[in-house]
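For reference, the structure is listed below as structure tokens.
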Amino acid sequence: MNNFQFCSPTEFVFGKDTEMQAGTYIKKHGGTKVLLHYGGSSAERSGLLGRVRQSLTEAGIPFAELGGVQPNPHDTLVYQGIELCRSEKIDFILAVGGGSVIDSSKAIAMGVPYSGDFWDFYSGKAEIAAALPVGTILTIAAAGSEGSGDSVITKTADGLKRGTGSDLIRPRFSILNPALTCTLPAYQTACGATDIMAHVFERYFTTTAEVEITDRLCEAVLLTMVRETPRVIAQPDNYDARANIMWAGTVAHTNICGVGRAQDWNSHMIEHELSALYDCAHGAGLAVIMPAWMEYVCPHGVMRFAQMAVRVWGCQMNFAHPESTAREGIMRFRRFLKSIGMPVNFAELGAKESDIPYLVEKTGIGTGRTGGFVSLGADDIAAIYRIAANAQA
Ligand code: NZQ
Ligand code: ZN
């Protein structure tokens, strides 16, 4: 196991009706004037925003509102949020929604105290040195942004989707009420489940030896997702299954499953170009990319893929031909994704094989290489897109 530093300062508040404690937790974490930031219509329609406004009012906390965050959130609304926070002298941001709303909130939070363009943090020009505190009320188990130090934003003018990270933007508190996720359509539930599993796989496929504890934590999250996702798709109101998935989503991405080991993240990088170009759900893009990446890199780590096949997908180990076990595990993963309603190839995602050269160019890889498990260049990335384009379950 490698040396590591792990900071997870977020206070998690889990369970039924916990959104009514939003005002209390904002006060506890020093907020005196709040930006209430949210997405399209789901939180208003379900009555959640009404309850949150009530909680803030009862706690005597003044607030301004900025709704309209789109999935794959854009920089344009972030600029508006930064101006609003400055003019209203806001000192705390409350995100009510999923990864998109939380990431937009984090971007506003880092932009307010910064004198330059907040995009500098995403383009690599500047490092985050300060940020307003952020709290979240999560409405979809997926991105893990409620416990992560990451934020992903799309620059509308250039069609670039980029991420940045710092412990400074980890939420101060996150309210996790699984009942809030019961209104999710099956497709969004499955997209979220895929993203959760991908966050584990990006950590699971490692070149670091002797990492039994994090291997087993990763496998626990994956097995939970394999069991619970079909249950919530069949029974959307199943609170206990929703609860297991919600906590799995957080555990998958605080990095507690990834400490002390090299990680990869190439599938995410390759996927982000799909959701930037086609505005598809991040999880749906991952459903197409992640198994394709696995097929492509499998020869470089046969025993690790065979371990996944046996421990997660219940395959019988073929000791004479471990690669056949490894490949069976990948196939079972893709079939699982199909069974929960995820796309398996470009056509099902709404992507075009003829766009592959453009997608590769957009990754910005140039003549460089990227990745922790297997290092990839532009030709490798193009090959993975081609596998994804033509995959069948
Ligand atoms: O906008 P509304 O009307 O709320 O609808 C949303 C949205 O259309 C809907 N939704 C959310 N909660 C709901 C609901 N509908 C009914 N009932 C509810 N309870 O779901 C749709 C998707 O929401 P979104 O926030 O986009 O989903 P997700 O949490 O998957 O976030 C995706 C974004 O997170 C980024 C992705 O790239 C993508 O931009 N990621 C962020 C990460 C991070 N910050 O750590 C890591 C991830 O790997 C990921 O890259
Ligand atoms: Zn993700």
Side-chain angles (χ1 to χ4, degrees), residues 10 19 37-49 67-75 77-78 95-107 109-110 122 134 136-155 160-166 169-171 174 176-203 232 236-237 242 245-246 249-250 252-255 258 263-276 279-287 289-290:
T10 309
E19 65 272 16
H37 198 33
Y38 48 89
S41 55
S42 77
E44 195 77 78
R45 238 181 10 247
S46 67
L48 171 61
L49 277 175
V69 180
Q70 296 168 2
N72 304 314
H74 288 260
D75 60 339
L77 196 66
V78 173
V96 180
S100 296
V101 173
I102 300 171
D103 284 4
S104 182
S105 299
K106 290 172 172 176
M110 66 183 91
Y122 294 80
V134 173
T136 86
I137 299 176
L138 186 65
T139 63
I140 171 171
S145 189
E146 69 279 7
S148 83
D150 305 316
S151 165
V152 184
I153 299 289
T154 298
K155 191 170 180 57
L160 284 179
K161 188 175 186 185
R162 293 290 179 266
T164 188
S166 163
I169 57 169
R170 284 183 184 260
S174 282
L176 311 177
N177 175 359
L180 298 178
T181 65
C182 292
T183 52
L184 279 167
Y187 184 77
Q188 285 296 343
T189 299
C191 287
T194 307
D195 195 18
I196 292 168
M197 295 178 79
H199 293 163
V200 174
F201 284 131
E202 299 278 28
R203 296 174 164 98
V232 291
D237 291 332
R242 290 277 185 195
I245 288 178
M246 192 168 228
T250 303
H253 203 42
T254 59
N255 206 31
Q263 304 182 13
D264 194 87
W265 295 97
N266 268 338
S267 293
H268 266 69
M269 186 270 290
I270 295 170
E271 188 295 310
H272 280 162
E273 302 312 330
L274 293 177
S275 43
D279 207 20
C280 57
H282 169 60
L286 284 167
I289 293 297
M290 190 106 230

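Heads up: numbering here begins at 1 and tracks the sequence. Atoms within a ligand are numbered from 1 in the order they appear, just like the ligands themselves.
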For [atom], what's the nearest protein heavy-atom neighbour? Residue, atom name and distance, please.
{"atom": "atom 30 (O) of ligand 1", "answer": "A142 CB, 3.4 Å"}
{"atom": "atom 22 (C) of ligand 1", "answer": "Q188 OE1, 3.6 Å"}
{"atom": "atom 34 (O) of ligand 1", "answer": "A143 CB, 3.6 Å"}

(request) Give the single entry among I140, V101, L184 that approaches atom 13 (C) of ligand 1 most closely by any heavy atom. (result) L184
(request) Out of S100, S104, S148, indicate the one that has the non-hydrogen atom closest to atom 45 (O) of ligand 1. (result)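 When every heavy atom of S100, S104, S148 is considered, S148 comes closest to atom 45 (O) of ligand 1.
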(request) Quick one: closest heavy-atom pair of I153 and V78, and the distance? (result)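 Nearest heavy atoms, I153 then V78: CD1-CG2, 4.1 Å.
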(request) Would you kindly say whether E146 and T250 are connected by a side-chain donor-acceptor distance under 3.5 Å? (result)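 Judged by distance alone, the side chains do pair up.
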(request) Give a yes-or-no answer on whether the side chains of K106 and S148 include a donor-acceptor pair shorter than 3.5 Å. (result)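 Side-chain D/A pair, K106 to S148: present.
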(message) Any N/O/S atom, side chain or main chain, of E271 closer to the Zn ion (ligand 2) than 2.8 Å?
(response)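 False for E271.
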(request) Would you check if the Zn ion (ligand 2) lies under 2.8 Å from any N, O or S atom of H268? (result) yes
(message) Against L286, only a single residue in I196, L274, T194 fulfils side chain to side chain contact (heavy atoms under 4.5 Å, CB included); can you say which?
(response) T194
With a cut-off of 4.0 Å, which atoms of ligand 1 are near a heavy atom of [X]?
{"X": "T139", "answer": "11 (C), 12 (N), 13 (C), 18 (C), 19 (N)"}
{"X": "H268", "answer": "48 (O)"}
{"X": "N72", "answer": "38 (C), 39 (O)"}
{"X": "G39", "answer": "1 (O)"}
{"X": "K161", "answer": "36 (C), 37 (O), 38 (C), 39 (O)"}
{"X": "P71", "answer": "7 (C), 8 (O), 26 (O)"}
{"X": "P73", "answer": "39 (O)"}

(message) With side-chain hydrogen bond (donor to acceptor under 3.5 Å, both in side chains) as the criterion, how do S275 and E271 come out once you've worked through the C-alpha distance, each side chain's angles and the decisive distance to 0.1 Å?
(response) CA-CA 7 Å; S275 43; E271 188 295 310; 3.0 Å; yes
(request) Look at the rings of W265 and H199 and say which category their plane angle falls in: under 30° parallel, 30 to 60° tilted, over 60° perpendicular. (result) tilted
(message) Between S151 and D103 (side chain of the first, backbone of the second, donor and acceptor by atom type, cut-off under 3.5 Å), is there such a pair?
(response) yes
Is the contact between [X] and ligand 1 made by the side chain, the backbone, both, or neither, using heavy atoms and a 4.0 Å cut-off?
{"X": "H253", "result": "side chain"}
{"X": "S42", "result": "both"}
{"X": "D103", "result": "side chain"}

(message) Suppose we only allow N, O or S atoms; which atom of D195 ends up nearest to the Zn ion (ligand 2)?
(response) OD1
(request) Could you check which N/O/S atom of H199 is closest to the Zn ion (ligand 2)? (result) NE2
Please verify whether a non-hydrogen atom of [X] lies at under 4.0 Å from ligand 1.
{"X": "H272", "value": "yes"}
{"X": "S41", "value": "yes"}
{"X": "H199", "value": "yes"}

(message) Yes or no, since that's all I need: does a protein heavy atom fall within a distance strictly under 4.0 Å of atom 6 (C) of ligand 1?
(response) no
(request) Ignoring hydrogens, tell whether any protein atom lies closer than 4.0 Å to atom 9 (C) of ligand 1; use the non-hydrogen atoms only. (result)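 It does not: no protein heavy atom is found less than 4.0 Å away from atom 9 (C) of ligand 1.
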Say whether [X], considering both its backbone and side-chain N or O atoms, lies within less than 3.5 Å of an N or O atom on ligand 1.
{"X": "L180", "answer": "yes"}
{"X": "T181", "answer": "no"}
{"X": "G40", "answer": "yes"}
{"X": "K106", "answer": "no"}
{"X": "G99", "answer": "yes"}
{"X": "T183", "answer": "yes"}

(message) Run the side-chain hydrogen bond (donor to acceptor under 3.5 Å, both in side chains) test on Q263 and N255 for me, step by step, so that the C-alpha distance in whole Å, both residues' side-chain angles and the decisive distance to 0.1 Å come before the verdict.
(response) CA-CA 10 Å; Q263 304 182 13; N255 206 31; 2.9 Å; yes
